Each structure stands twice: as C-alpha cells, then as structure tokens.
Amino acid sequence: MFDELPIQMSLPDATVTYYPQWLTANQASRYQAILQEELLWSQDYIKIYGRTVKIPRLQAWYGEPEALYTYSKLEMKPLAWHPVLADLRAELEEECAAQFNSVLANWYRHGQDSMGMHSDDEPELGVRPVIASLTLGQARGFIMKHKITGQKEVLDLAHGSLLVMSGDTQANWQHGINKTKKTVADRINLTFRHITPVRP
Ligand SMILES: O=C(O)CCC(=O)C(=O)O
Ligand SMILES: [Mn+2]
C-alpha cells in the first residue's frame, strides 16, 4: 500500500517477505483503534487433554460464509466482513496476487498474551498456503523455528508491517509469540487466509 521495497527473508525451505511499513504509522494507529473498538472480540477456550483452557489472547474470525475454520477442535463461523477488514483484504489481494476469503484477528492485550508454536497447516488452508499477516500496535517477537534443524529466528514485527508467508513455509517451519515480562502495549495481528472447506 505504502511505497516501499519488500524484504525477502533468507530462510531455508521457506518463502517469507517482510514489508516493514506496509501502512504508515498514522494509518496503522487509526485501524488499530477502530478494530479494537469495533470487532466482536471473544475470549475463546480450547480443550487440552480434557482440560478447558483459556486462550491467552482475544480473537475474532471474519470472512465469507463458507470460510468455516476449525482450530484446536474449536469450530469458528466467520462474522460478516467489517469495512476496514474488507478494504485491507482488497489491498492485500493485490499486493500478494492471492485470494483471501477470511481473516483471523488476534488481540494481544499485554505481555501475558501469547500464541503457542504452530504451523498454519490445517487441511482447509490447502497446500503451500499464502498467509498475509498484518501487525498493528506494539511490536512483539515473532518466533520462527525450523521443524527439522531447529534453526530459530525472531522477527520484531513493526507497527504497520506486513509479513507474507508462502510456498513451503508452513510445511517446514513453526511460528508463535512468546509471553514477556516486559511491559508491552496492545498488539493486533490480522492473518488473511484462504479457506477451502474440507469434508470430515
Ligand atoms: O500474532 C502473530 O503474529 C501470529 C498470529 C498467527 O500465527 C496466527 O494467527 O496463526
Ligand atoms: Mn499462525
């Protein structure tokens, strides 16, 4: 969106492109304020070994009606596009030359909010998915770990930055956001995806 050259990350067995300032700081702050206020954020729970556990962040799932998404056995029905998300989707489809029919919004409220290491490799994302990840708010370390070699990289995803993961990235790497004892402000992350419903 903003006129700048993307950085091709040199990670083995992955295709990762980083746009440090895809949105200007002003645009990013405006979107962050609107989305924090207007998205239908929910505190979801997952079951781990029979125990019900609070997910350590707020989340919201928006998209086309067919974009049903199952995450840790939690089935999420998409909410109808918020106008800001719809605009961002259109821009990102152009930027990435890909189609996105849904977006997972995560709100990390403070340093105790986090996301465990995982790959975005659910069957409904298909093979070699393109995931466009937009960060609004406080930068947090985005940890990437190679599944075989254990190579670890930490990317500080800046306010207004865009990270696009494609090709074999999800097949070969995991990613996540650790908790931190540092005082950190709110961070919203939007991951735009293309979901194709799969039959059980
Ligand atoms: O917050 C982030 O940067 C990561 C989000 C993520 O991995 C996901 O939504 O699957
Ligand atoms: Mn992910």
Side-chain angles (χ1 to χ4, degrees), residues 9 11 14-23 28 31-32 35-36 39 41-44 46 55-63 67-76 78-79 85 88-89 92 96 98 100-147 152-180 182 184-195:
M9 311 291 299
L11 298 176
T15 305
V16 180
T17 310
Y18 183 56
Y19 304 69
Q21 204 177 60
W22 191 71
L23 296 171
Y31 286 153
Q32 182 185 7
L35 296 177
Q36 285 186 190
L39 295 193
W41 296 101
S42 64
Q43 170 65 70
D44 292 323
I46 49 168
I55 293 179
R57 60 191 177 273
L58 300 180
Q59 55 185 25
W61 178 244
Y62 284 78
L68 287 171
Y69 187 42
T70 311
Y71 162 82
S72 282
K73 298 201 183 132
L74 179 77
E75 188 174 270
M76 297 196 279
L79 297 159
L85 298 178
L88 288 170
R89 162 168 82 143
L92 286 167
C96 303
F100 303 114
N101 63 0
S102 50
V103 57
L104 178 60
N106 284 293
W107 182 353
Y108 305 84
R109 296 156 293 180
H110 42 60
Q112 289 308 296
D113 276 353
S114 61
M115 186 178 287
M117 296 300 289
H118 67 281
S119 304
D120 295 330
D121 60 358
E122 288 85 3
E124 48 268 62
L125 289 169
V127 287
R128 313 184 92 226
V130 179
I131 312 274
S133 167
L134 193 62
T135 290
L136 307 171
Q138 172 90 54
R140 296 279 297 266
F142 180 80
I143 303 177
M144 293 191 71
K145 192 172 175 202
H146 193 285
K147 290 183 190 176
K152 213 169 144 185
E153 302 291 335
V154 184
L155 314 173
D156 268 322
L157 302 181
H159 184 46
S161 71
L162 170 65
L163 185 79
V164 183
M165 297 183 277
S166 60
D168 294 322
T169 310
Q170 304 305 325
N172 296 317
W173 291 74
Q174 289 192 315
H175 57 267
I177 303 280
N178 279 353
K179 297 187 195 306
T180 173
K182 288 187 198 139
V184 290
D186 300 85
R187 170 179 186 266
I188 303 280
N189 177 262
L190 306 172
T191 47
F192 289 81
R193 302 144 183 258
H194 191 276
I195 297 282

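Nothing here was measured: the structure is a model prediction, and the numbers come from that model. First listed ligand is number 1; within each ligand, the first listed atom is number 1.
- Proximity of Thr135 to ligand 1, defined as any heavy-atom pair under 4.0 Å, is not found for any part of the residue.
- A distance-only check finds a donor-acceptor pair linking the side chain of Arg140 to the backbone of Asn178 [under 3.5 Å].
- Arg89 places no side-chain N or O within donor-acceptor distance of the main-chain N or O of Phe192, the cut-off being under 3.5 Å.
- For the ligand labelled ligand 1, residue Arg193 lies inside the 4.0 Å heavy-atom shell.
- The atoms of ligand 1 that sit less than 4.0 Å from any heavy atom of Met115 are 5 (C), 6 (C), 7 (O), 8 (C), 9 (O), 10 (O).
- For the Mn ion (ligand 2), protein N/O/S neighbours under 2.8 Å (waters excluded) are His118 NE2, Asp120 OD1, Asp120 OD2, His175 NE2.
- Legend: residues meeting side-chain hydrogen bond (donor to acceptor under 3.5 Å, both in side chains) with Ser166, ordered by chain and number and at least two apart, are absent.
- Between Trp41 and Trp107, the angle of the ring planes goes over 60°, which puts this pair in the perpendicular group of the 30/60° scheme.
- Side-chain N or O atoms of Lys147 include one that pairs as donor or acceptor with a backbone N or O of Ala171 at under 3.5 Å.
- Looking only at protein heavy atoms, the nearest one to atom 1 (O) of ligand 1 is Tyr108 OH, 2.5 Å.
- Looking at residues two or more places apart in sequence or on another chain, you find no ring pair (Phe, Tyr, Trp, His ring centres under 6.0 Å) involving His110.
- A side-chain contact (heavy atoms from CB on, under 4.5 Å) with Trp173 is found for exactly one of Lys152, Met144, Met165, namely Met144.
- Taking Arg128 as the reference, Asp168 meet the side-chain contact (heavy atoms from CB on, under 4.5 Å) condition, with sequence neighbours excluded.
- Taking a 4.0 Å cut-off on heavy atoms, Arg140 fails to register as neighbouring ligand 1.
- Listed by atom number, the atoms of ligand 1 under 4.0 Å from Phe142 heavy atoms are 3 (O), 4 (C).
- At the top of the distance list for atom 3 (O) of ligand 1, counting protein heavy atoms only, stands Arg187 NH2, 2.8 Å.
- Residue contact check: Leu104 has heavy atoms under 4.0 Å from atoms 9 (O) of ligand 1.
- From Leu104, atom CG reaches atom OG1 of Thr191 across 4.5 Å, with rounding to the nearest 0.5 Å.
- A distance-only check finds a donor-acceptor pair linking the side chain of Gln43 to the backbone of Ile55 [under 3.5 Å].
- Atoms of ligand 1 lying under 4.0 Å from at least one heavy atom of His175, given by number and element, are 7 (O).
- Counting heavy atoms closer than 4.0 Å to ligand 1, residue Asp120 contributes side-chain atoms (C-beta onward) but none from N, CA, C or O.
- Within ligand 1, counting atoms from 1 as listed, the ones closer than 4.0 Å to a heavy atom of Asn106 are 9 (O).
- Ligand-side atoms of ligand 1 in range of Asn189: 1 (O), 2 (C), 3 (O), 4 (C), 5 (C), range being under 4.0 angstrom from any heavy atom.
- Although no hydrogens or angles enter the test, the distance criterion places a donor-acceptor pair under 3.5 Å between the side chain of Asn101 and the main chain of Ile195.
- Note that the NE2 atom of His146 and the CD atom of Glu153 stand 11.0 Å from one another [nearest 0.5 Å].
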